[in-house]
Amino acid sequence: MSRSDDMRVDPGGKVRLKDHDAGDRLGWATKEDALAASAKLEERLRELVAKLAATRVKAILLVLQGMDAAGKDGTTRAAFSQISPTFLRVASFKAPTSTELAHDFLWRVHAVLPERGQVGVFNRSHYEDVLVVRVDSLVPKEVWSRRYDAINAFEEHLADEGTVLVKCMLNVSREAQLKRLKERLKDPTKSWKFSADDVRKRAQWDDYMDAYGDVLARTSTAWAPWYVVPADHNSVRNAAVTELLVHALDRLGMEWPALDPAVKSLAIE
């Protein structure tokens, strides 16, 4: 069984995150092993993303979800360290604006989807509307509970139109999160990210684990499966997500497009 098989959530199954080891090294015995794998994967990803941009037939959407300090920013920086920014579209979903609240919950998502030839990254995503909205009781259960089916239909439409979804739940343990939050407070280059809301959400850990379990069980589909990525070791997390992206792009079987004969015949002086 491959690493991606180990991480993939089977559609329709019950999911308990406590059954997933956040400290799993996924076969990379040491940090050095994971870093070496990442270096090779990032080089391969660079080539594949360039082919994606050249062919402009498909798009990739990487969805990153996880508790605070799971490493969504770090994963993005590591995986795309060799990728031209012109090939990327990164979106981060904060609390909705008054304009966004005046529309359906997926309205704001459409505007930031990657176009064909691009890789999109959602640092948090439309799944916040069945996570924080649920845990904080921002809307009644009868509202948020209908959103699973809406999300599945939305993602199936994206897949039908040529977007390949790679959905990663970065699974950090409560102990590792505590260590990272304390380190964040001590580091002036990171402490600006810290807020009282981080403490409040940490106190809601069990509620979030239940909500994530339902998200993974209800919205892991054949066209957009979820992957639970162990996130206690940064090097393992980064290598695993990069490998998932490489596999998704490899499956497209892309070739460099042939040069237009009219262009080929041009004389360059």
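Below, all heavy atoms of this structure are taken into account, side chains as well, without hydrogens, waters or symmetry copies.
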Is the shortest distance from a Lys or Arg side-chain nitrogen in [X] or [Y] to a carboxylate oxygen in the other one below 4.0 Å?
X: E115; Y: R56; result: yes
X: D136; Y: R200; result: yes
X: R180; Y: E183; result: no
X: D198; Y: R202; result: no
X: D250; Y: R44; result: yes
X: D68; Y: R184; result: no
X: E43; Y: R46; result: yes
X: R8; Y: D5; result: yes
X: R134; Y: D207; result: no

Would a hydrophobic clustering, with Ile, Leu, Val, Met, Phe, Trp and Tyr connected at side-chain separations under 4.5 Å, put [X] with [Y]?
X: L138; Y: L101; result: no
X: L64; Y: V166; result: yes
X: L26; Y: Y227; result: yes
X: V172; Y: L178; result: no
X: V139; Y: Y208; result: yes

Within a radius of less than 6.0 Å around [atom1] of [X], do more than 12 heavy atoms belonging to other residues, nucleotides or ligands occur?
X: W256; atom1: CH2; value: yes
X: R174; atom1: CZ; value: yes
X: K182; atom1: NZ; value: no
X: K51; atom1: NZ; value: yes

Which atom names give the shortest non-hydrogen contact between [X] and [Y], and what distance separates them?
X: R116; Y: A59; value: CA-CB, 4.1 Å
X: A70; Y: L170; value: CB-O, 3.6 Å
X: V121; Y: L61; value: N-CD1, 4.4 Å
X: A34; Y: V236; value: CB-N, 4.0 Å
X: P114; Y: G120; value: CB-N, 3.6 Å
X: G13; Y: A217; value: O-CB, 3.1 Å

From [atom1] ([X]) to [atom2] ([Y]), nearest 0.5 Å:
X: M7; Y: C168; atom1: CE; atom2: SG; result: 7.0 Å
X: K58; Y: M254; atom1: NZ; atom2: CE; result: 10.5 Å
X: I151; Y: R146; atom1: CD1; atom2: CZ; result: 13.0 Å
X: K201; Y: Q177; atom1: NZ; atom2: CD; result: 10.5 Å
X: E42; Y: L35; atom1: CD; atom2: CG; result: 9.0 Å
X: L17; Y: S173; atom1: CG; atom2: OG; result: 12.0 Å

[Y] and [X], any side-chain heavy atoms less than 4.5 Å apart:
X: D129; Y: W144; answer: no
X: L62; Y: V241; answer: yes
X: V229; Y: N171; answer: no
X: L45; Y: F80; answer: yes
X: R108; Y: P96; answer: yes
X: D149; Y: R218; answer: yes
X: H233; Y: K31; answer: no
X: R89; Y: L113; answer: no

Are the side chain of [X] and the backbone of [Y] linked by a donor-acceptor contact shorter than 3.5 Å?
X: K186; Y: S191; result: no
X: E155; Y: W223; result: no
X: S265; Y: A262; result: yes
X: T76; Y: K72; result: yes
X: S220; Y: V9; result: yes

Indicate whether the side chain of [X] and that of [Y] have a donor and an acceptor atom separated by less than 3.5 Å.
X: T75; Y: R237; answer: yes
X: T189; Y: D187; answer: yes
X: S4; Y: S2; answer: yes

Side chain to side chain contact (heavy atoms under 4.5 Å, CB included) evaluation trace for K167 with Q65: CA-CA 8 Å; K167 302 189 303 191; Q65 284 289 155; over 6 Å; no
All pairs passing ring-ring contact (aromatic ring centres under 6.0 Å, His included) where residues 90-132 contributes a residue, at least two apart: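 The answer is F93-F122, H103-W107, H110-F154, H126-F154, Y127-W226.
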Chi angles and distances behind the side chain to side chain contact (heavy atoms under 4.5 Å, CB included) call for M209, K18: CA-CA 8 Å; M209 293 302 100; K18 65 181 181 180; over 6 Å; no
Test log, rule side chain to side chain contact (heavy atoms under 4.5 Å, CB included), inputs F87 and V119: CA-CA 6 Å; F87 300 155; V119 176; 5.8 Å; no
Of L48, L52, V49, the residue whose pairing with I60 passes side chain to side chain contact (heavy atoms under 4.5 Å, CB included):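 With I60 as partner, L48, L52, V49 yield a single side chain to side chain contact (heavy atoms under 4.5 Å, CB included), made by L52.
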